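For reference, the structure is listed below as structure tokens.
In this text, all values refer to a predicted model and were calculated from it rather than measured experimentally. Order of the sequence lines sets the chain letters (A, B, ...), proteins ahead of strands, with each chain counted from 1.
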Number of protein chains: 2
Amino acid sequence: MTHHHEVVEALQQIGYRLTPQRMMILEAIADSEGHLSAEEIHETVRTAYPYLDISTVYRTLDLLKTLHLVSETDLGRGPAQYELLSKGLHHHLICTECGEILDAPNSLLDSLRHAMSEEYDFHAEIEHLAVFGICSNCKGDAQEAG
Amino acid sequence: MTHHHEVVEALQQIGYRLTPQRMMILEAIADSEGHLSAEEIHETVRTAYPYLDISTVYRTLDLLKTLHLVSETDLGRGPAQYELLSKGLHHHLICTECGEILDAPNSLLDSLRHAMSEEYDFHAEIEHLAVFGICSNCKGDAQEAG
DNA sequence: TTGTCAAATGCAAGCTAGTTGCAGCGCGAA
DNA sequence: TTCGCGCTGCAACTAGCTTGCATTTGACAA
């Protein structure tokens, strides 16, 4: 599923190991559609290996983040969400009415990045942005109700 | 400092009261430069009124948010930050190297809002955005070091 | 001025999400 | 086979915030 040898190499280059726990955590993320929270990763892996501790999940996620293998998204509510970076950078538009999540490509932020760079000489690091708002379906409802 | 009568009216319209605690909390926010966390508000007000509880701070902040008097910014790290909405909507570019915080006007997001609206028919509610990245001063340093 | 009642408060306990300290295990090099 | 250190599970802890509840406050009516 995942390209283990690449991960092994990435880890070995900085003197670390690819343990079974780390492999299982990585596979749980790779096998999932969309995002997983640390707790969900924990639950998933525990069906196969019940001794896995949540702290190991967090420590592994930290490692995978520094290796730029997974991205972490803080939704501003609830737990942070993790996903494979290899699936391609993208962002999320989350409807606060119905909860629908629209995926948006990284290019959506091009103009914003450009503006920040031009006007503020600021190099934004937006690996993963979650924007809350109202989707097209709920826009009408909100006007009727409001 | 704050226009108490306006706040009183806003509260009374929905059947609530402007208590001394609420007044002190609102003033603490109004008197501050930039952002305050709930804990900072708590500490500030407690110098004048030591019995104020942190839960009262949070409950008041909820109220002020629903009245659109203050904005809440989740920085994704550390506690949420609160400030008066009357100071004008703006966003923050936070340098992860030196910690500097650049203020950016709401118009910075115009192009992003437009893109989300055009391409996804999605009405974004971005009261306050915090973007992490590298500022102009640290950009050179990062290249030298990296 | 007193009574009423809901809003508001302080306090304490609880909760979620994540972190830390530590003893022991196990891989890989010597 | 010994050594070093990366890694793990466990347990305790922390930050930030929320909730339940008895008591107090204050606006309004009588």
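- Axis angle across the helix from C:dT1-D:dA30 to C:dA30-D:dT1, with five pairs used at each end and values rounded to 10°: 10°.
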Pair B:Thr47, B:Glu43 - check side-chain contact (heavy atoms from CB on, under 4.5 Å), show working.
CA-CA 7 Å; B:Thr47 61; B:Glu43 286 307 311; over 6 Å; no
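- If you measure from atom CD1 of B:Ile41 to atom C1' of D:dG16, you get 14 Å, rounded to the nearest angstrom.
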Chi angles and distances behind the side-chain contact (heavy atoms from CB on, under 4.5 Å) call for A:His92, A:Thr73
CA-CA 10 Å; A:His92 290 101; A:Thr73 310; 5.5 Å; no
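- At least one side-chain heavy atom of B:Phe122 sits under 4.5 Å from a side-chain heavy atom of A:Val131.
- Taking 4.0 angstrom as the limit, A:Arg22 places a side-chain polar atom (N or O) nearer than this to OP1 or OP2 of D:dT8.
- The distance from atom NE2 of B:His42 to atom P of C:dT9 is 13 Å, rounded to the nearest whole Å.
- One interatomic measurement links the two molecules: CG of A:Leu18 to P of C:dG28, which rounds to 11 Å at whole-angstrom precision.
- Atom C1' of nucleotide D:dA15 and atom CD of B:Glu40 are separated by 14 Å, given to the nearest angstrom.
- Less than 4.0 Å separates DNA chain D from at least one heavy atom of each of the following residues of residues 49-70 of chain B: B:Ser55, B:Tyr58, B:Arg59.
- Judged by distance alone, with hydrogens and angles left aside, the side-chain atoms of A:Arg46 form a donor-acceptor pair with the main-chain N or O of A:Leu52 at under 3.5 Å.
- In this structure, A:Gln21 reaches the D:dG9 phosphate: one of its side-chain N or O atoms is under 4.0 Å from OP1 or OP2.
- When each of B:Arg17 and B:Gly78 is assigned the nucleotide of DNA chain D bearing its nearest heavy atom, the one mapping closer to the 5' terminus is B:Gly78.
- Heavy atoms only, all atoms of each residue included: A:Asp103 and B:Tyr120 are closest at O-CE2, 3.6 Å.
- Phosphate proximity of C:dT9 to B:Thr19: present, with a side-chain N or O under 4.0 Å from OP1 or OP2.
- No donor-acceptor distance shorter than 3.5 angstrom exists from the side chain of A:Ser107 to the backbone of A:Asp110, with no hydrogens or angles considered.
- Nucleic acid contact for B:Glu39: none, since no nucleic acid atom lies under 4.0 Å from a heavy atom of the residue.
- In this entry the distance linking CG of A:Asp74 with C1' of D:dC17 reads 14 Å, nearest Å.
- Between the OG1 atom of A:Thr44 and the CD atom of A:Glu39 there is a distance of 10.0 Å, given to the nearest 0.5 Å.
- Remark: B:His123 pairs with no residue by the ring-ring contact (aromatic ring centres under 6.0 Å, His included) rule, at least two apart or across chains.
- Per the geometry, CZ belonging to B:Arg46 stands 15 Å off P belonging to C:dT9, to the nearest Å.
- Put simply, OH on A:Tyr16 is 17 Å from C1' on C:dG26, counting in whole angstrom units.
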As a quick check of understanding, evaluate side-chain contact (heavy atoms from CB on, under 4.5 Å) for A:Arg59 and A:Ile25, giving each step before the final call.
CA-CA 11 Å; A:Arg59 286 189 274 229; A:Ile25 288 167; over 6 Å; no
